Structures are given as C-alpha cells and as structure tokens.
Amino acid sequence: MSSAGLFRAMEPSYRFDTIESDVQRRWADADAFRVVADDREKFYCLSMFPYPSGKLHMGHVRNYTIGDVISRYHRMCGRNVLQPMGWDAFGLPAENAAIKNGVPPAQWTRENIAAMRGQLKQLGFAYDWSREIATCDPDYYRWEQWLFTKLFEQGLVYRRESVVNWDPVDQTVLANEQVVDGRGWRSGAIVEQRAIPQWFARITDYADELLDDLDGLDGWPDAVKTMQANWIGRSTGLEIDFDVAGQDTPLTVYTTRPDTLHGVTYMALAADHPLVAAAADTDAELAAFCEECRRAGTAEAGLETRDKKGYRLPIEAVHPLSGARLPIFVANFVLMGYGTGAVMSVPGHDQRDWEFATAYDLPIVPVIADAEGNTPDISSAAAVEKGVLINSGEDDGKTFEQAFGDIADRLEARGTARRKTQYRLRDWGLSRQRYWGAPIPIIHCDDCGPVAVPESDLPVVLPENVTPEGAGSPLPDMPEFVNCTCPQCGRDARRETDTFDTFMESSWYFARFTCPDADSMIDDRAHYWMPVDQYVGGIEHAILHLLYARFFQKLMRDVGLARADEPFKALLTQGMVLKDGAKMSKSKGNTVDPQALIETYGADTVRLFSMFAAPPDQSLEWSESGVEGAHRFLNRLWRLVATHVDNGLVAPATGAEGEAAAELRRKTHETIAKVGDDVGRRHTFNTAIAAVMELANAIGRVEETCDAETQAVRQESLEAIIKMLAPIAPHICDALWRALGHDTLVMAEAWPVAEAAAQVRESITLVVQVNGKVRARIDVPADADRDTVARTAVEDVNVARHIDGQPIKKTIVVPGKLVNLVV
RNA sequence: GCCCGGGUGGCGGAACUGGUAGACGCGUCGGACUCAAAAUCCGAUUCUGGUGACAGAGUGCGAGUUCGAGUCUCGCCCCGGGCACCA
C-alpha cells in the first residue's frame with residue numbers, strides 16, 4: 001500500500017535513457033526473468049528465434065515486443081512464465097558473407113549473435129537468458145544428429161536421387177532463391193537440373209496425423225490451418241492402369257475425378273517417365289525436348305505459369321472403358337515427383353488439359369452436364385464443376401459419387417484400378433550441399449553402404465576454422481573430415497559431406513529451451529513446460545517451419561522423449577513491417593534501423609509504437625511521425641503522474657460519491673475490462689493502447705485542484721494505467737510505479753481487476769433510426785423496457801418529422817444499441 | 001497458375017456476434033502561452049450543400065440477401081504472403 005511516507009521528488013521531464021538503464025539494472029540485480037518449474041500454472045511464451053544476420057530489423061522488434069507483452073501480461077496474472085531466446089545460427093547468409101569478406105561463417109555468426117543479444121537486452125525483453133541456445137553449437141545439433149540415426153534405424157529416413165539446381169560455372173548447387181530467371185545469381189550461367197542422392201524424411205507417413213490434428217489446434221488462426229491442410233492435400237481417388245498398345249507394362253495414372261474417365265482424350269507424361277526415356281533413346285528431338293523440360297526447374301509457380309508445351313510420342317494408350325486409342329504426350333507441366341508422373345487428360349473438365357488440347361488441336365469431349373443438366377459450354381474454358389454424367393454410355397445420368405463408385409468397382413474387378421488415398425505433401429529433403437550446417441551423421445562404406453554414426457561418436461563436429469571461397473562446400477576437400485573408418489566393418493570409409501536443411505534446427509528448439517543443458521535430446525522438464533502456450537512469428541512461416549516442427553514433435557513423442565502431440569497450443573502470426581507500402585529490404589533501400597530509434601526515443605517508445613500502429617496480425621506501415629506520437633504520449637503520461645505526485649500521494653480509491661470522481665472511476669474500470677480483454681484474449685494491443693490513452697485524456701480533463709476523493713480516484717486510475725501499460729512500456733512504468741509511492745517492481749504486481757459495481761450506468765444513449773437512417777440520439781434509463789424506449793423514440797422532434805404521420809409498420813429495438821422505426 | 005490473407009478520411013488504424021462508420025494516434029487548420037521560436041495546452045478536421053438546426057453521399061468495383069451490410073452471399077479489380085534449397 002502506498003503512503004505519503006514513500007514520496008520521492010520526481011524529475012520534471014521524462015529521461016528515458018537513464019530510466020531504461022536503471023530499470024534494466026534492477027531487473028538484472030533481481031535475476032527477474034530466470035524461471036524453473038514450480039507448482040504454479042505454467043505459461044510458455046515463445047517468439048520465433050532469429051537468424052543472426054547482423055543486427056535487429058523492425059520485423060524482429062515487432063515480433064519480440066508482441067511476445068514480451070504477452071509474457072509480461074501472463075506473469076502479472078500470476079503464471080510461471082517461460083520466455084527464452086536463442087539463435088537459428090546455421091544458414092546461407094553466413095557463407096555468402098564469408099565469400100564476400102573472407103571471414104569464417106562461425107566467427108561472423110558469433111559476432112552477429114553478440115551484437116543482436118545486446119540489442120535485445122537494450123529493448124528490455126524479459127528473457128531467461130540462462131537458457132540461450134545457438135543451433136551451431138555442437139551440444140545442440142548433436143541431438144538432431146542422434147534423432148536422425150534413430151530414424152535411420154527405423155527406416156523413417158532414406159536416401160534417393162533428387163534434382164538440384166546446378167551452376168555449371170561455379171560448380172555448385174544453388175538454392176531456388178539463388179536462381180534468377182533461370183541463371184545463377186553470381187555466375188549468370190544457365191542453371192541445370194542435376195539428380196544426386198539425397199536424404200529424405202518420411203513426413204508423408206505422418207500426413208494423416210498432421211492433417212487430422214489440425215482440428216484440435218483451437219488457438220491457431222484458421223488461415224494457417226487451411227494453408228497446412230491444403231499443403232498436405234489429402235485426396236481420395238483412383239489409380240488406373242491404361243494399357244499401352246504393343247507393350248506389356250501399363251501406364252498408371254492417379255485421378256480424383258474418375259467420373260470424367262469417359263472424357264479422357266489423351267495422356268501426358270513427365271519428361272523423366274520411364275516410357276519417355278525409352279523413346280528418347282532413338283529420338284534426338286524428343287531428347288532435346290526432355291532436356292528443355294528439365295532445365296525449366298521444378299518450382300511449382302513456374303510449372304503452373306509457363307506455356308504448356310508437349311511432344312507426341314510414337315506410342316498410344318488404350319482407353320480402359322471404350323478401348324479407344326489415345327495419343328501420349330510428354331508435357332512440361334507434369335513432374336515425375338508428383339503422383340505417378342503421368343496424368344489422364346480430360347480437356348472438357350480440367351482447365352490445364354483444356355489449354356493443352358486447344359494448343360495441340362486435340363479432341364475435347366464434354367462428359368459432365370452443367371447445373372441445368374445441359375451439355376456445358378466448353379468453347380472458351382473447361383467446365384470444372386461436378387455434375388451428372390453425359391456422353392458416358394452406361395454411366396450416363398449418374399452423379400459424381402455414383403459414377404466414382406461404379407467405375408472404381410468395375411475397374412477394380414478387372415484388376416486395372418485401385419482406390420487410393422493420395423497426398424500432395426512430399427517427403428522432406430534433408431540434404432544440403434553446403435558447409436555451414438549440421439553434418440549428416442552418416443558414413444559411406446563401399447561394403448556396408450551408408451552406415452549411421454554410432455551414438456558414442458556423436459556429435460559429428462563441423463570444422464569451424466574454415467572460410468568458403470565460393471564453388472560450393474569445402475567439406476569434401478577436407479580429408480581430415482572425410483576420411484574415417486566404417487563403424488560396422490572397420491574398413492576405410494568416407495564421411496557424408498552434406499549438411500542438414502536448417503529447418504532441422506528450428507524444428508525442435510522449442511523443446512530444448514525447456515532443458516537446454518539436458519544430456520539427452522530433451523528430458524522430463526519438457527513435460528512441465530511443453531507444449532508452448534503461445535507461439536509468435538511471421539506469417540511467412542505458416543506452412544514449412546510450422547509443419548516440420550509439428551512433425552518433429554510427433555517424432556520425439558514416438559521415440560519416447562515427448563508427451564505432447566502438438567508443439568504449439570496457440571499461434572499468433574505477425575504481419576510484415578512495411579515502408580511506403582513495401583516490405584523493408586536492403587535491396588529496396590527502405591530499411592529503418594531500430595538501433596537509431598532506440599537511441600533517439602528509447603526502447604519504450606519503439607515498443608509502444610510497434611504495438612500501437614496496427615494489430616499484430618496485419619502488416620504495419622512504418623511512420624516516423626507515429627513514433628514521435630508514441631514518444632509524446634509517454635511524455636504526457638510522465639507529466640500527468642508528476643502533477644499528481646506534486647498534489648500529494650494518497651491511497652487509491654475504492655469507491656466514489658461525487659459525480660466527476662464516479663465518472664472517472666467508471667471510465668477507469670471500463671478501461672481495465674477492455675484492456676484485459678484486448679491484451680489477454682484478442683491480442684489487439686493497438687486498441688488496448690488507444691483505451692489507455694483515452695483514460696489518460698480523461699484524467700487530464702479532471703480539475704487539477706480537486707477534493708480528496710477525486711485525488712484518490714486519480715491515484716487509482718494512474719496506478720491502473722501504469723500496470724496495464726507495464727507489459728508494453730516496462731521501463732517508464734516501473735519508474736512511474738515507484739513515483740506513485742511503491743517500492744516493488746511493477747512487473748511483480750497483479751494485473752488490475754475491473755469492478756462491476758464501478759461500471760454501472762444510470763442512463764444510456766440509444767440511436768433512433770427511421771427506415772434504417774439515423775435521425776436522433778435519445779437518453780433513456782439503463783433498465784428501460786422496449787415500450788418505454790419505443791415511446792421515447794417517437795417523441796423526438798426530428799424523428800417525428802421523418803415519420804411525418806405515416807403509420808409505423810415495425811419497431812425493432814436492439815437493447816443497449818438502437819431503435820429502428822420502419823414506416 | 002494454385003492456396004491463404006488484405007483493401008475504411010489527407011495518413012496509420014477503430015467499429016469484437018449483421019445494429020451510431022471514422023475510437024485512438026499522426027498530419028493539417030485556428031487559438032492560447034512567448035519579444036520570438038520550440039515545447040506544451042485548447043478547439044476544429046470524411047466529402048458535398050447550408051450561417052445554422054439539418055440534409056445528401058460515403059468502407060476497392062458491380063450485383064444480391066436484410067428493417068438494417070465495412071461486416072453475410074455471388075462475380076470482378078488491385079496489393080501482400082506461401083508454393084517444398086532464403087529464413
């Protein structure tokens with residue numbers, strides 16, 4: 001409880017620099033953010049850890065402020081809050097920087113980490129730094145190597161050939177990002193597609209669970225769940241064998257629309273399909289076409305947008321129902337990696353098939369009626385809606401479901417088709433031909449094949465005193481790394497030189513944070529903290545990172561380490577930070593350095609602006625004058641408290657009799673109710689701040705020289721404001737909390753509780769509409785019944801003018817909101 | 001191309017479950033304080049007409065449902081995210 005005895009004279013102006021360093025020192029002295037499991041309700045709040053690119057950008061500031069506000073709010077609500085931070089330290093930029101500056105990636109990365117850690121501390125985020133993780137630390141990545149070897153034993157990882165972007169000049173593999181218009185970004189050479197052996201994880205084995213468990217993720221945005229569901233893309237269809245004239249092996253396709261089988265007029269194959277390879281041996285033109293298809297790359301966007309091209313093969317397929325001969329094409333939009341690498345083409349009812357058929361003058365047969373039951377118009381586009389079958393012989397008149405069932409039954413009886421559930425999701429390629437990543441713990445032996453590195457030999461440590469100079473990973477050229485002996489037979493062998501996809505590290509760090517010093521991948525402490533209660537990060541991670549992390553959680557569960565089925569109970573996807581309507585990027589030259597802002601305005605201002613400018617899930621438009629506005633508000637708040645303190649500290653009010661005091665008290669408790677809901681449930685920090693600003697404005701309007709009761713209510717209001725703003729602007733609030741006569745840290749205070757009694761209103765204002773247009777506002781008692789409200793409404797002069805003596809046909813009363821009179 | 005978002009004053013945004021469009025902040029204009037400026041404080045500020053009370057229009061475009069639509073439905077346009085080796 002406050003008392004005049006604790007009065008300290010306040011600095012008349014807001015000195016953010018001394019306040020922020022002073023408050024941060026107090027937190028450090030109290031070791032305020034270190035947590036261990038106890039018997040309180042836990043709350044694990046996690047923001048996506050950053051790639052240590054050099055310094056923080058505004059996207060980081062926004063992301064981490066959101067997480068910090070949620071963490072501090074839950075802490076004030078009495079929960080045991082874990083909020084850790086670490087570094088997603090492997091990745092391509094470190095290698096690019098090494099080539100450019102001649103600095104080893106390890107050194108570059110660790111220097112960046114040190115710089116960014118300093119910035120995070122300056123921003124005052126409430127992290128338990130004792131749990132800090134850097135994924136390039138062998139003590140971290142050894143455990144994903146360990147898990148990989150377990151999965152290898154179980155057959156959940158496997159090796160197969162897969163294509164990569166090959167730069168023939170730099171003699172290196174390129175990321176998709178490094179391929180610009182089909183050319184290598186550095187060399188400018190035309191990029192080739194090369195098949196090389198690579199490691200894959202069988203995420204498709206978990207496709208059903210990954211899809212079905214989305215239903216239980218109530219705390220996730222529907223948009224993200226929909227994106228993941230579409231990505232997994234479970235479909236039920238039919239795998240159909242088409243005989244190839246003159247050959248023994250049939251051509252197998254998968255289709256989700258067997259009802260359109262009667263409309264198949266040709267077949268399309270991937271360039272890498274075995275049937276094509278055979279034909280290409282004797283046809284140079286075909287071989288050239290296949291080469292062109294391969295060069296075009298495998299990115300789905302390119303696949304779907306490029307001009308549809310084909311090459312007719314000298315063989316024909318046999319329609320399984322009609323026996324008709326169907327031409328077979330190689331097509332540049334069919335990929336061997338998807339389904340069977342072959343599709344049956346129904347140009348009447350598939351738009352892509354329609355475009356191809358039109359270009360190559362192939363027959364287009366409508367076999368599905370339109371909504372009116374007529375032959376559909378397919379002159380300018382395919383008719384893709386489902387409907388009743390026509391031109392389909394014995395299947396005419398059937399619905400989609402009937403036709404699917406009947407055709408599947410007939411073909412299955414003949415042994416030429418099988419019902420099949422298929423996924424769009426493909427297995428996860430884990431191999432990267434790069435240096436700066438976690439080594440894949442495999443040893444290649446001429447006799448034993450690929451052998452997992454034994455647990456006792458883990459980790460396989462990445463040599464760090466290395467500076468790549470371009471032209472790919474230096475690891476294959478390092479005999480001291482490559483040469484080893486086979487763990488099975490003891491003969492000379494070669495170490496795998498590919499490293500892991502960096503999504504590996506980010507797929508389990510959330511679990512490691514619960515027990516960063518565990519001498520296993522994770523230990524029992526994970527059972528207390530997991531799952532993450534609130535995960536915060538960019539919407540750009542909606543699919544890949546979040547899907548891989550969910551997959552890893554299930555893998556860790558199935559090897560007996562974890563209990564939770566899902567890693568993230570609730571997810572908040574943050575929007576982008578824009579300037580002049582575009583994403584901030586170095587190439588556009590429209591970046592804003594948060595460091596300069598912190599120095600000019602202080603961390604609290606930067607945090608306040610980030611939270612005020614937009615709701616967290618929407619993009620945020622950068623505004624320098626908006627930052628000044630946020631700073632101005634903190635100044636105003638400082639003066640408001642200083643003026644109040646000058647009048648003498650009092651105990652906060654617990655009730656009020658006078659009209660002005662009761663009014664301010666009602667506003668205070670209405671604001672507490674709104675801000676608690678905005679911060680705790682809706683995560684709309686912008687509206688929470690607006691509400692606090694309104695309350696501050698209301699306090700400012702109250703006469704400065706006032707009675708003891710009003711002074712007490714003002715004390716109550718200011719204390720509420722400071723507690724509610726403490727998660728957002730923690731430094732200034734801590735200083736103001738002390739100025740108001742307290743010795744505690746404001747972050748240790750309980751979140752304010754809204755009193756229902758203080759919010760009671762005697763009369764309310766209703767809107768009166770005539771035929772849906774607002775014509776007046778009326779004051780009625782809060783408990784007025786419908787008749788009273790309706791009677792008061794028609795008595796209004798302006799309302800009466802618009803009714804103009806006409807009979808009222810209908811009166812709609814929405815309690816507490818409006819009256820609509822229909823005449 | 002496909003999947004997922006978004007579009008509201010001069011600007012960022014608010015309107016949560018179909019019920020007062022524009023809270024809060026920025027900017028601008030006017031005023032107070034000052035020798036003056038900065039800072040601060042007060043007032044005005046969607047557009048059009050009107051001294052005014054008030055009236056009309058208005059949430060990307062075009063239809064529709066409803067007593068009532070920024071919100072729901074259908075069809076478009078534009079912007080952003082993702083598309084499997086950027087993280």
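Predicted, not measured: the structure shown is a model, and the values here were computed from it. Naming: A, B, ... by sequence-line order, numbering from 1 per chain.
When the nucleotides B/C85, B/A84, B/C4 are ranked by their closest atom to the side chain of A/N230, B/C4 comes out on top. Candidate nucleotides B/A21, B/A14, B/C16 were compared by shortest atom distance to the side chain of A/R681, and B/C16 ranks first. When distances are taken from the side chain of A/N176 to each of B/A57, B/C85, B/U20, the shortest belongs to B/C85. Comparing atom distances between the A/A223 side chain and each of B/G13, B/G27, B/G5 picks out B/G5 as nearest. Residue A/H541 has its side chain nearest to B/A87 when only B/A84, B/A87, B/C85 are considered. Checking B/C41, B/U20, B/A84 against every side-chain atom of A/L544, the shortest atom distance belongs to B/A84. Among the nucleotides B/C67, B/C24, B/G5, the one closest to any side-chain atom of A/F612 is B/C24.
Spacing of P atoms, B/U51 relative to B/C77, comes out at 46 Å, to the nearest Å. Between B/G5 and B/U73, the two P atoms lie 12 Å apart (nearest whole Å). Going from the P atom of B/C61 to that of B/C11 covers 15 Å, rounded to whole Å. Between the C1' atoms of B/U20 and B/C29, the separation comes to 27 Å (whole Å). Atom name C1', nucleotides B/U17 and B/A38: the rounded distance is 49 Å, in whole Å. Nucleotides B/G30 and B/C16, compared at atom P, are 37 Å apart to the nearest Å. Across the P atoms, B/A15 and B/G75 are found 28 Å apart, a figure rounded to whole Å. Nucleotides B/G7 and B/A39 have their C1' atoms positioned 38 Å apart, rounded to a whole Å.
For the pair A/R775 and B/G56, the criterion of a side-chain N or O lying under 4.0 Å from OP1 or OP2 is met. In terms of phosphate contacts, A/T502 brings a side-chain nitrogen or oxygen within less than 4.0 Å of OP1 or OP2 of B/A87. Between A/R432 and B/A87 there is no side-chain polar atom (N or O) within less than 4.0 angstrom of OP1 or OP2. Contact between the side-chain N/O atoms of A/K817 and the OP1/OP2 oxygens of B/U17 is not found at any separation under 4.0 Å. For the pair A/R777 and B/U20, the criterion of a side-chain N or O lying under 4.0 Å from OP1 or OP2 is not met. Distances shown here put every side-chain N or O of A/H545 at or beyond 4.0 Å from the OP1 or OP2 atom of B/A84. Using a 4.0 Å cut-off, no side-chain N or O of A/R801 falls inside it from OP1 or OP2 of B/C54. A sub-4.0 Å separation between OP1 or OP2 of B/A15 and a side-chain N or O of A/R682 is present. Contact annotation: A/N697 reaches the phosphate of B/G25 (side-chain N/O to OP1 or OP2, under 4.0 Å).
Here A/V164 lies in heavy-atom contact (under 4.0 Å) with a base. Here A/I812 lies in heavy-atom contact (under 4.0 Å) with a base. Using a 4.0 Å heavy-atom criterion, one finds that A/T305 contacts the bases of the nucleic acid, with or without backbone contacts as well. Within 4.0 Å of A/M576, counting heavy atoms only, lie sugar-phosphate atoms of the nucleic acid but no base atom. Heavy atoms of A/P615 sit under 4.0 angstrom from primed sugar atoms or phosphate atoms, though from no base atom. Backbone-only contact: A/R639 has heavy atoms under 4.0 Å from sugar-phosphate atoms and none from a base. Using a 4.0 Å heavy-atom distance criterion, A/W428 is classed as making no nucleic acid contact. Heavy atoms of A/A301 sit under 4.0 angstrom from at least one base atom. Across all strands shown, A/K674 has heavy atoms under 4.0 Å from base atoms, whether or not it also approaches the sugar-phosphate. When heavy atoms are screened at a 4.0 angstrom cut-off, A/V774 is found touching the sugar-phosphate backbone but no base atom. A/E628 comes within 4.0 angstrom of nothing in the nucleic acid, heavy atoms only. No engagement by A/Q228 is indicated, since no non-hydrogen atom pair under 4.0 Å with the nucleic acid exists. Heavy atoms of A/H802 sit under 4.0 angstrom from primed sugar atoms or phosphate atoms, though from no base atom. As judged by a 4.0 angstrom heavy-atom cut-off over every strand, A/S431 is placed among the base-contacting residues.
Across all strands shown, the partner of B/U40 is B/A32, judged by Watson-Crick or G-U wobble contacts whose two distances both fall under 3.5 Å. Remark: B/C2 base-pairs with B/G82; criterion is Watson-Crick or G-U wobble with both hydrogen-bond distances under 3.5 Å. Searching all strands for a Watson-Crick or G-U wobble partner of B/G64 with both distances below 3.5 Å returns B/C72. The partner of B/A55 is B/U48, by the rule that a Watson-Crick or G-U pair needs both atom distances under 3.5 Å. Look at B/A23: it lacks any Watson-Crick or wobble partner with both distances under 3.5 angstrom.
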- Test side-chain contact (heavy atoms from CB on, under 4.5 Å) applied to A/W87 and A/N112, step by step: CA-CA 10 Å; A/W87 312 95; A/N112 289 346; over 6 Å; no
- Stepwise side-chain hydrogen bond (donor to acceptor under 3.5 Å, both in side chains) test for A/N798 and A/R801: CA-CA 5 Å; A/N798 203 43; A/R801 195 158 69 81; 2.9 Å; yes
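Residue A/D617 contributes atom CG, which lies 13 Å from atom C1' of B/C4 at whole-angstrom precision. Here the P atom of nucleotide B/A87 and the CE atom of A/M48 are 15 Å apart, to the nearest Å. For the pair A/D222 CG and B/C4 P, the computed distance is 12 Å after rounding to whole Å. Between A/M693 atom CE and B/A14 atom C1' the separation is 13 Å, expressed in whole Å.
Taking syn as a glycosidic angle within 90° of 0, B/G9 qualifies as syn.
With RNA chain B read from its 5' end, the first of the two nearest nucleotides for A/Y548 and A/I689 is the one closest to A/I689. The residue among A/D88 and A/A691 whose nearest nucleotide of RNA chain B lies closer to the 5′ end is A/A691.
Using a cut-off of 4.0 Å between Lys/Arg side-chain N and Asp/Glu carboxylate O, A/D222 and A/K225 are scored as salt-bridged. Using a 4.0 Å cut-off between charged nitrogen and carboxylate oxygen, A/K674 and A/E694 do not count as a salt-bridge pair. Here A/E192 does not pair with A/R294 in a salt bridge; the nearest charged N to carboxylate O distance is not below 4.0 Å.
Under the 6.0 Å cut-off for aromatic ring centres, A/Y535 and A/W220 do not qualify, their centroids lying 6.0 Å or more apart. Here A/F612 and A/F633 keep their ring centres 6.0 angstrom or further from each other. You'll find the ring centres of A/W508 and A/Y140 inside the 6.0 Å limit.
Closest of all the heavy-atom pairs between A/A782 and A/I764 is CA-CG1, 4.1 Å.
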